[in-house]
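Report on the following structure.
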Amino acid sequence: MIKERHTKYKTLDVTPLAGAMGGEIIGVDLSRPVKREVFRDIHRAWLDHSMIFFRNQDLSPAGLVRFARKWGAIHTHPFMPTMKGHPEILELIKNPSDKRNFGNLWHTDQSFVAKPAKATILHALETPLVGGDTMYSNMYLAYDALSCGLKKLLANIKVENTGNRNRRRGGQDKRDRYKGHSHVKPVSPPPEIDTISHHPIIRTHPETGRKGLYISSHTQGFADFDFEESLPMIEFLLEHIRRPEFTARLRWQPGTVAVWDNRCVMHYALNDYPGQRRCMRRITIKGDKPR
Ligand code: SIN
């Protein structure tokens, strides 16, 4: 196993997950107060690996919220009701009778609002015996792999993202998509939250300064273009970001906690565990306006 302790981080070990991205943090118990210098290393490792995870964490909802607040203010999902008694937490539950799961498209969280979530923290409570992994894709690598010509072409393009009724996917209402689901029950967003956004398709990460592709299942086209004009390019890019060399795959266990950086990572929740239950708690952290 490769560890990076003595080269980069003073207080913890990191075992890289894949060539593209991801790293397991070793030596941190999140149920105990995380000291400032340890959090500094966790944050550094997160910027370096874009997605980090911890195994065997025994966290109550309050403990998860406490850890989440270290990353910034809590961001709430405009379409999804929160956990009873814990308005910061979104429970993602798929029961054995459910056909659909939440997040089963390549996306970056809430790119359809003006200031999308910068980080997502996901805590696994119950996981299928096999299946229910999450795939991640590194958007720095996806950007770097584009030709010079396409980079130039996209440099000043903004995309339109929508939280519901995406035209590219047939305009279906979220509520119809999850009709009959035992747990996922989308609601209408509060009127003050606009769920259509325009963001640059090439985003500069505010902390690392690196450029990455910023696209999502929420993207329906280039802003200011006719729908049909940009559709082929959106479809091409959504295919491009799945290249195996950009990706990593996290196999969950009860007690795994992952934190990913939505500013440079897309993710996809696999729906390959029919008849089994999967139960997760999720918190997202407020981000800034993509530039
Ligand atoms: C999501 O945030 O899209 C869900 C990820 C997962 O459940 O693996």
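Just follow the structure's listing: the first ligand is 1, and inside any ligand the first atom is 1. In what follows, residues are counted from 1 in the order of the sequence shown.
Assignment of T120 to the shell around ligand 1 is not supported, since no heavy atom sits closer than 4.0 Å.
Side chains of I25 and T15 form no contact here, defined as non-hydrogen atoms less than 4.5 Å apart.
Set against the non-hydrogen atoms of L92, the atoms of ligand 1 under 4.0 Å away are 4 (C), 7 (O). Per-residue contacts place A269 under 4.0 angstrom from the following atoms of ligand 1 (heavy atoms of the residue considered): 5 (C), 6 (C), 7 (O), 8 (O). Atoms of ligand 1 lying under 4.0 Å from at least one heavy atom of G103, given by number and element, are 3 (O). The ligand atoms of ligand 1 that sit less than 4.0 angstrom from a heavy atom of L122 are 5 (C), 6 (C), 7 (O), 8 (O).
Hydrophobic cluster of L125: no remaining members, since no ILVMFWY side chain lies below 4.5 Å from it.
Side chains of T284 and D109: no donor on one and acceptor on the other come within 3.5 Å.
Of the residues listed (R165, E160, R169, R168), the one engaging Q220 in a side chain to side chain donor-acceptor pair (under 3.5 Å) is E160, and it is the only one.
From the protein, the heavy atom lying nearest to atom 8 (O) of ligand 1 is T134 OG1, 2.5 Å.
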Evaluate W106 against H267 for ring-ring contact (aromatic ring centres under 6.0 Å, His included), listing each step before the verdict. CA-CA 5 Å; W106 279 105; H267 61 283; 8.2 Å; no
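W71 has its ring centre less than 6.0 Å from the ring centre of F39.
Atom 7 (O) of ligand 1 has its nearest heavy-atom neighbour, among R278, M280, R282, in R278.
Looking at W260 next to ligand 1, no N or O pair under 3.5 Å apart turns up.
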